[in-house]
*Asks:* 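Can you keep this structure in mind? I'll have questions shortly.
Heavy-atom basis, side chains included; hydrogens, waters and symmetry copies ignored.
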Amino acid sequence: MANSSAAPIMLELVDEDGTTIGTAEKLSAHVAPGRLHRAFSVFLFDEEGRLLLQRRALGKYHSPGVWSNTCCGHPYPGEPPFAAATRRVGEELGVAPSLLREAGTVRYNHPDPASGLVEQEFNHLFVGLLRQEPRPDPAEIAETAFVTWDELDKRHATDTFSTWFMTVLDAARPAIREVTGGAGSW
């Protein structure tokens with residue numbers, strides 16, 4: 001648990017076009033009905049075209065223990081989404097992508113039934129390649145797995161995934177196909 005005297009983590013609030021309109025404390029932005037804020041989602045693939053999934057650490061305040069994309073989070077106010085995505089991949093996975101490219105944006109509103117929190121996000125998508133073995137931070141990530149599309153499909157039918165996962169995956173799929181070059185059946 002974070003030190004209660006630490007400065008609050010602030011997020012950028014945005015309008016429907018993704019223009020910054022202010023800031024809010026991270027948890028308050030997720031309290032129902034949620035406030036639209038900037039976020040990012042990263043999808044990293046190995047040489048065989050397998051997607052690196054992460055299962056969120058059980059200690060996370062939001063969506064603990066569920067499977068999700070390689071990395072996701074929120075830029076600090078004024079931080080470019082690309083820089084934030086690169087920073088968080090390093091912090092969470094202890095690696096740097098060998099390639100990372102923008103893959104568009106997607107806007108969604110996903111309530112989390114378990115916590116009651118709401119993901120009301122304008123999400124910047126990034127797709128890339130990973131040539132290193134991940135070294136996950138256990139405070140952030142419980143476990144990782146590399147999966148093909150067929151393996152993901154089977155896992156998605158039996159395991160619990162983040163409420164936003166399929167929305168961001170579907171939105172990033174054209175860029176995923178380009179980056180993987182058809183490997184992994186994406």
*Asks:* Verify the cluster assignment for I141 and V42: are they in a single hydrophobic cluster under the rule of side-chain heavy atoms below 4.5 Å apart?
*Replies:*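 Per the 4.5 Å side-chain linkage, I141 and V42 are co-clustered.
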*Asks:* Rounded to the nearest 0.5 Å, what separation is found between the CG atom of L53 and the CZ atom of F165?
*Replies:*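 Result: 5.5 Å between the selected atoms.
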*Asks:* Applying ring pair (Phe, Tyr, Trp, His ring centres under 6.0 Å), can you list everything that pairs with F43, at least two apart in sequence or on another chain?
*Replies:*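 If we apply the ring pair (Phe, Tyr, Trp, His ring centres under 6.0 Å) test to F43, skipping adjacent residues, there are no hits.
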*Asks:* Minimum heavy-atom separation for T144 and P136, please, with both atom names.
*Replies:*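 Where T144 meets P136 most closely, the heavy atoms are CG2-CG, 3.8 Å.
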*Asks:* Does any non-hydrogen side-chain atom of H124 lie less than 4.5 Å from one of R38?
*Replies:*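 Answer yes - side chains close enough.
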*Asks:* Would a distance-only check, ignoring hydrogens and angles, find a side-chain to backbone donor-acceptor pair under 3.5 Å from N123 to S41?
*Replies:*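 It does hold such a pair.
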*Asks:* Using the rule that Ile, Leu, Val, Met, Phe, Trp and Tyr join whenever any side-chain heavy atoms are under 4.5 Å apart, tell me whether L129 and V147 fall into a single cluster.
*Replies:*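 Linked within one cluster.
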*Asks:* With a 4.5 Å cut-off on side-chain heavy atoms, are H30 and Q120 touching?
*Replies:*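 Side-chain contact under 4.5 Å: no.
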*Asks:* Over 60° means perpendicular and under 30° means parallel, so classify the ring planes of H156 and F161, tilted if in between.
*Replies:*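 The arrangement is tilted - the two ring planes meet at 30° to 60°.
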*Asks:* Taking atom CG of N109 and atom CG of L36, what is their separation to the nearest 0.5 Å?
*Replies:*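 Answer rounded to 0.5 Å: 9.0 Å.
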*Asks:* Side chains of D112 and E119: does their closest heavy-atom pair fall under 4.5 Å?
*Replies:*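 They are not in side-chain contact.
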*Asks:* Look at the side-chain heavy atoms of Ile, Leu, Val, Met, Phe, Trp and Tyr, link any pair under 4.5 Å apart, and say whether Y108 and L11 land in one connected group.
*Replies:*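 No, Y108 does not connect to L11 through the hydrophobic network.
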*Asks:* Thinking salt bridges, do E121 and R107 make one under a 4.0 Å N-O criterion?
*Replies:*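 No.
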*Asks:* Check whether any side-chain heavy atom of R173 sits under 4.5 Å from a side-chain heavy atom of W149, and report yes or no.
*Replies:*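 Yes. Closest side-chain heavy atoms under 4.5 Å.
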*Asks:* With a 4.5 Å cut-off on side-chain heavy atoms, are T20 and L13 touching?
*Replies:*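 With C-beta onward as the side chain, the pair stays apart.
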*Asks:* To check you understand the geometry: which heavy-atom pair defines the closest contact between A57 and P138, and what is its length?
*Replies:*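 For A57 and P138, the tightest heavy-atom pair comes out as CB-O, 3.6 Å.
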*Asks:* Tell me whether W186 is reachable from V168 by hopping between hydrophobic residues (I, L, V, M, F, W, Y) whose side-chain heavy atoms are closer than 4.5 Å.
*Replies:*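 The answer is yes; both residues are in one hydrophobic cluster.
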*Asks:* Just one of L52, L100, V95 clears the side chain to side chain contact (heavy atoms under 4.5 Å, CB included) bar with V89, so which one?
*Replies:*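 The single option meeting the side chain to side chain contact (heavy atoms under 4.5 Å, CB included) with V89 is V95.
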*Asks:* Identify whether F45 and L93 are in the same connected component of the hydrophobic contact network (ILVMFWY, side-chain heavy atoms under 4.5 Å).
*Replies:*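 They do not share one cluster, since no chain of ILVMFWY contacts under 4.5 Å joins F45 to L93.
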*Asks:* Are W67 and R155 packed together at the side-chain level, in the sense that at least one heavy-atom pair is separated by less than 4.5 angstrom?
*Replies:*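 They are in contact (side-chain heavy atoms under 4.5 Å apart), so the answer is yes.
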*Asks:* How long is the straight-line distance from OG of S185 back to CZ of R177, given to the nearest 0.5 Å?
*Replies:*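 If we round to the nearest 0.5 Å, R177:CZ and S185:OG are 10.5 Å apart.
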*Asks:* List the steps and the verdict of side-chain contact (heavy atoms from CB on, under 4.5 Å) for V179 and L99.
*Replies:* CA-CA 9 Å; V179 167; L99 168 79; 4.1 Å; yes
*Asks:* Between D17 and T19, is there a donor-acceptor pair closer than 3.5 Å when you use the side chain of the first and the backbone of the second?
*Replies:*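 Side chain of D17 to backbone of T19, a donor-acceptor pair under 3.5 Å: no, none is there.
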*Asks:* For E12 and H74, what are the C-alpha separation, side-chain angles and deciding distance, and is it a side-chain hydrogen bond (donor to acceptor under 3.5 Å, both in side chains)?
*Replies:* CA-CA 8 Å; E12 275 187 1; H74 307 92; over 6 Å; no
*Asks:* Restricting to non-hydrogen atoms, name the atom on R135 and the atom on G94 that form the minimum distance, rounded to 0.1 Å.
*Replies:*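 Heavy-atom minimum between the residues: NH2-O, 2.5 Å.
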*Asks:* Are W164 and S68 close enough, and set up right, to give a side-chain hydrogen bond (donor to acceptor under 3.5 Å, both in side chains), and what steps lead you there?
*Replies:* CA-CA 8 Å; W164 63 87; S68 199; 3.3 Å; yes
*Asks:* For residues E92 and Q54, is any side-chain donor paired with an opposing acceptor at under 3.5 Å?
*Replies:*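 Indeed, the side chains of E92 and Q54 share at least one donor-acceptor pair under 3.5 Å.
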*Asks:* Hey, does the side chain of E79 reach the backbone of Y76 with a donor-acceptor pair shorter than 3.5 angstrom?
*Replies:*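 Yes, the answer is positive, given that a donor and an acceptor are paired below the 3.5 Å cut-off.
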*Asks:* Supply the atom-to-atom distance D153 CG to T158 OG1, rounded to the nearest 0.5 angstrom.
*Replies:*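 D153 CG to T158 OG1: 10.0 Å, rounded to 0.5 Å.
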*Asks:* Can you tell me how far OG1 of T86 sits from CZ of F126, rounded to the nearest 0.5 angstrom?
*Replies:*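 Going from the CZ atom of F126 to the OG1 atom of T86 covers 7.5 Å.
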*Asks:* Determine, for E140 against R56, whether the closest basic-nitrogen to carboxylate-oxygen distance falls under 4.0 angstrom.
*Replies:*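 Result for this pair is no, no salt bridge flagged.
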*Asks:* Might you point out which heavy atoms bring P81 and P75 nearest each other, and give the distance in Å?
*Replies:*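 What the structure gives for the nearest pair is CA-CG, 4.1 Å.
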*Asks:* Can T167 and V106 be said to form a side-chain contact (heavy atoms from CB on, under 4.5 Å), step by step?
*Replies:* CA-CA 8 Å; T167 300; V106 64; 4.0 Å; yes
*Asks:* Do NZ/NE/NH1/NH2 and the carboxylate oxygens of E151 and R50 come within less than 4.0 Å?
*Replies:*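 Not counted as a salt bridge, because no side-chain N and carboxylate O are separated by less than 4.0 Å.
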*Asks:* Roughly how far apart are E133 CD and L130 CG, rounded to 0.5 Å?
*Replies:*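 Spacing of CD (E133) from CG (L130) equals 8.0 Å.
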*Asks:* Are there more than 12 heavy atoms of other residues, nucleotides or ligands under 6.0 Å from atom CD of E102?
*Replies:*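 Open.
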*Asks:* How close do H37 and R35 get, counting heavy atoms only, and between which atoms?
*Replies:*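 That closest heavy-atom pairing would be ND1-O, 2.8 Å.
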*Asks:* If the condition is side-chain hydrogen bond (donor to acceptor under 3.5 Å, both in side chains), which residues does E48 pass it with, not counting sequence neighbours?
*Replies:*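 Partners of E48 under the side-chain hydrogen bond (donor to acceptor under 3.5 Å, both in side chains) test: none.
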*Asks:* Looking at every non-hydrogen atom in both residues, tell me the closest pair between F40 and C71 and how far apart they are.
*Replies:*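 Heavy atoms of F40 and C71 come nearest at CE1-SG, 4.2 Å.
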*Asks:* Using the rule side chain to side chain contact (heavy atoms under 4.5 Å, CB included), only one of L125, D170, L51, V127 pairs with I176; which is it?
*Replies:*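 Among the candidates, only V127 passes.
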